[in-house]
Amino acid sequence: MTNSIQPTNFIHEIIEQDLKANKHKGRVHTRFPPEPNGYLHIGHAKAICIDFGTAAKYNGLCNLRFDDSNPIKEKQEYIDAIKEDIRWLGFDWEDREYYASDYFDQLYEWAVQLIKAGKAYVDDLSAEEIREYRGTLTESGKESPYRNRSVEENLDLFERMKAGEFSDGSRVLRAKIDMAASNINMRDPVMYRILQKPHHRQGDKWCIYPTYDWTHGQSDSIEGITHSLCSLEFEDHRPLYDWFLEQLGVFHPQQIEFSRLNLSYMITSTRKLGKLVHEGNVDGWADPRMPTLSGLRRRGYTPESIRNFVERIGVAKTDSVIDIALLEHCLREDLNKRAQRVMAVLYPLKVIIDNYPEDKVEELDCVNNPEDASMGTRKVPFSRVLYIEQDDFREEPPKKYFRLAPGREVRLRYAYFIKCVNVIKDEKGKVVELHCTYDPKTQGGDAPDGRKVKATLHWVSAKHALNAEVRLYDRLFTKANSNEAEEGKDFTSNVNPKSLEILSSCWVEPGLKDAKPGDRYQFERLGYFCVDPDSSDKALVFNRTVSLRDTWAKIEKTQKV
RNA sequence: UGGGGGAUCGUUCAAUGGUAGGACGGUUGUCUCUGGAUCAACUGAUCGGGGUUCGAAUCCCUGUCCCCCAGCCA
């Protein structure tokens with residue numbers, strides 16, 4: 001009777017088999033190994049959920065390990081941001097925070113061991129020459145003239161590389177494998193390069209730095225990782241990963257590859273996101289339009305929705321592009337359950353209730369969340385002059401338009417039925433003000449005579465409402481496949497010029513005066529919004545996280561076609 | 001043209017020789033003081049061609065298409 005857990009993807013199946021075979025005495029240990037060369041994005045979220053989630057599922061552990069073997073690209077700023085983002089997502093590495101750079105001494109010793117075994121050599125060829133000697137996809141490579149140096153000479157040269165006697169690029173340490181291998185990674189891969197650069201954690205201790213291939217498997221081994229989960233592009237590095245571990249005769253983890261996350265209308269490449277940041281297409285890594293975890297957080301995404309999203313997309317080896325609509329669905333599903341409802345008007349249109357007393361103010365009861373009665377109710381002031389949404393009035397309503405129009409009656413949410421009796425326009429013919437009458441008997445929103453109304457509008461009381469800035473975000477790219485650019489252009493040419501729209505004269509109900517950065521609301525009938533860190537008591541700033549599904553917009557669109 | 005992977009509804013994941021199923025999307029309807037949410041229904045796929053088998057998405061043969069690899073990046 002083993003209480004084995006149902007596998008839900010191919011990685012879990014492999015682990016179940018290992019568990020049955022008692023491969024690691026029932027131990028499951030994974031790791032999440034980011035390079036601190038940028039901010040984490042939604043693609044990393046998939047890896048994080050798989051790495052931490054798989055360990056958790058089998059009562060195992062997951063380490064956080066910074067893969068920091070290239071000082072040119074890495075920064076402490078990124079390490080700090082990465083840690084914050086993983087925590088925010090809801091995962092905990094406890095005290096298991098490791099750095100590949102902490103293994104540099106061990107890696108150096110192992111390199112010496114390989115040299116002594118005749119399995120590694122110092123090569124004086126230049127980078128260009130190494131490339132030429134490597135051959136091509138179809139032609140095998142040829143051996144470097146330095147390939148057969150004596151062990152003594154290699155030991156001496158390698159030590160002097162470490163001592164800083166040579167300039168950048170002048171020499172490398174290479175594994176001696178097979179220049180005719182069909183897998184190019186096996187054609188004497190570089191293990192160490194000379195980089196006269198200080199390391200963000202090691203300072204000036206080193207001027208030779210190990211490459212990814214020489215670092216990763218050994219780091220996994222040192223940490224006792226049982227299953228080293230990574231993305232598909234490392235598949236043909238696996239023979240090399242295995243080769244190093246076999247030569248060293250150390251604990252041998254198993255590398256398993258899965259497909260990385262691609263999202264329509266988005267980019268999940270740290271390098272490309274960095275380019276958007278550095279070229280000023282966005283306002284930093286945490287811009288709310290960015291698919292970085294910090295950007296999504298500022299935008300108002302919940303960690304739960306992201307974890308649920310990753311759960312739903314599954315794990316496989318197929319190259320796939322996930323529809324952004326699924327991410328948005330997960331977001332709305334979560335926010336719908338937890339976000340407090342409030343009323344806010346983004347594009348205000350003044351409405352005067354002609355028959356409502358000048359100075360009267362009523363405090364009306366409003367439901368905070370129809371999905372969750374425990375969230376209670378609140379009072380919202382109602383008075384003679386209101387703002388409604390410009391979209392909620394049409395002088396000449398098209399078919400299937402249910403909202404306000406001349407002579408038509410609608411409901412103001414939680415308030416009264418009103419009827420439009422007069423339309424005031426400016427000299428250009430733009431509607432600037434509506435005069436309506438209300439039916440006092442419909443207080444609360446229901447007519448005692450049972451008459452129905454087809455639309456319910458949100459509103460705010462003009463003299464009570466708070467002014468707010470609202471930032472509307474649209475998809476960052478205009479094309480579903482953002483990489484599909486014209487000849488001579490790159491993905492940045494697909495950046496959506498309308499991805500940010502700032503509305504400065506919006507009105508929100510007065511109860512929002514104490515809203516704090518990060519607070520999330522549903523603006524009824526509009527969407528989910530959160531308070532931006534730029535917000536203050538004096539000037540409220542909201543970000544639109546995601547709009548509500550909009551059936552009318554869909555109808556209107558098909559009517560136009 | 002070498003090597004390594006992959007191909008199932010529009011998208012994505014499942015079905016491990018035995019009824020091709022779920023989710024998202026789309027459509028229609030229900031309900032509703034959010035054109036939201038809910039609920040229901042519908043839509044819709046095994047890359048092609050052979051073969052094995054009582055039975056094939058799954059096994060075999062063959063072809064096609066897609067992705068990754070020629071960094072001293074990870």
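Every chain is numbered from 1, with letters handed out A, B, ... down the list of sequences. The basis for the numbers below is simple: all heavy atoms, side chains too, and nothing from hydrogens, waters or symmetry mates.
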Novice: Between Arg271(A) and A74(B), is there a contact of a side-chain N or O with OP1 or OP2 at under 4.0 Å?
Specialist: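 For A74(B), neither OP1 nor OP2 has a side-chain N or O of Arg271(A) closer than 4.0 Å.
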Novice: Any donor-acceptor pair under 3.5 Å between the side chain of Arg341(A) and the base of U34(B)?
Specialist: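 Looking at the base of U34(B), it does pair with a donor or acceptor on the side chain of Arg341(A) (distance under 3.5 Å).
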Novice: Would Lys272(A) count as a cation-pi partner of Phe491(A), with NZ or CZ less than 6.0 Å from the six-membered ring centre and within 45° of the ring normal?
Specialist: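 Output yes; distance and angle both within limits.
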Novice: I want to know whether Phe234(A) and Tyr212(A) have ring centres closer than 6.0 Å.
Specialist: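 Between Tyr212(A) and Phe234(A), which both carry aromatic rings, the centre distance is below 6.0 Å.
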Novice: Find the distance Glu233(A):CD to G3(B):P and express it as a whole number of Å.
Specialist: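 Rounded to the whole Å, the gap is 22 Å.
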Novice: In whole Å, what is the span from the CD atom of Glu235(A) to the P atom of C69(B)?
Specialist: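 Result: 12 Å.
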Novice: Taking atom types as they are modelled, is there a donor-acceptor pair under 3.5 Å from the base of G3(B) to the side chain of Asp236(A)?
Specialist: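 Such a pair exists between side chain and base.
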Novice: Per the atom types in the model, does the base of G36(B) pair as donor or acceptor with the side chain of Glu371(A) at under 3.5 Å?
Specialist: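 Under the 3.5 Å cut-off, the side chain and the base do form a donor-acceptor pair.
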Novice: Taking the six-membered ring where the residue is Trp, are the ring centres of Trp459(A) and Phe382(A) under 6.0 Å apart?
Specialist: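 Ring centroids of Trp459(A) and Phe382(A) are less than 6.0 Å from each other.
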Novice: Within the modelled atom types, does a donor on one side and an acceptor on the other bring the side chain of Gln522(A) and the base of U34(B) under 3.5 Å apart?
Specialist: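 In this structure, the two groups form a donor-acceptor pair.
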Novice: For C39(B), give the paired nucleotide (Watson-Crick: N1-N3 plus N6-O4 or O6-N4; G-U: N1-O2 and O6-N3; both under 3.5 Å), or none.
Specialist: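 By the stated definition (distances under 3.5 Å), G29(B) pairs with C39(B).
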Novice: Does U58(B) have a Watson-Crick or wobble mate here (both distances under 3.5 Å), and if so which one?
Specialist: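 No nucleotide pairs with U58(B).
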Novice: Which whole-number value in Å describes the distance from Arg131(A) CZ to C69(B) P?
Specialist: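 Value for this atom pair: 16 Å.
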Novice: Are Arg193(A) and C73(B) close enough that a side-chain N or O sits under 4.0 Å from OP1 or OP2?
Specialist: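 Checking C73(B) against Arg193(A), a side-chain N or O does come within under 4.0 Å of OP1 or OP2.
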Novice: Do Tyr416(A) and Tyr438(A) have ring centres separated by under 6.0 Å?
Specialist: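 Yes; Tyr438(A) has its ring centre under 6.0 Å from that of Tyr416(A).
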Novice: Under a 3.5 Å limit for both distances, which nucleotide forms a Watson-Crick or G-U wobble pair with A7(B), could you say?
Specialist: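 Paired with A7(B), as far as the under-3.5 Å criterion goes, is U64(B).
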Novice: Report yes if the distance between the aromatic ring centroids of Phe158(A) and Tyr108(A) is under 6.0 Å, otherwise no.
Specialist: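 Under 6.0 Å, so yes.
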Novice: Under a 3.5 Å cut-off for both contacts, is G17(B) paired Watson-Crick or G-U wobble with anything, and if yes, with which nucleotide?
Specialist: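 Base-paired to nothing in any strand shown.
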Novice: Is the base of G71(B) syn or anti, where syn means the angle lies within 90° of 0?
Specialist: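 Syn conformation here, the glycosidic angle of G71(B) being no more than 90° from 0.
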Novice: Got a donor-acceptor pair under 3.5 Å from the side chain of Arg403(A) to the base of G35(B)?
Specialist: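 Between G35(B) and Arg403(A), which were checked side chain against base, a qualifying N/O pair under 3.5 Å is present.
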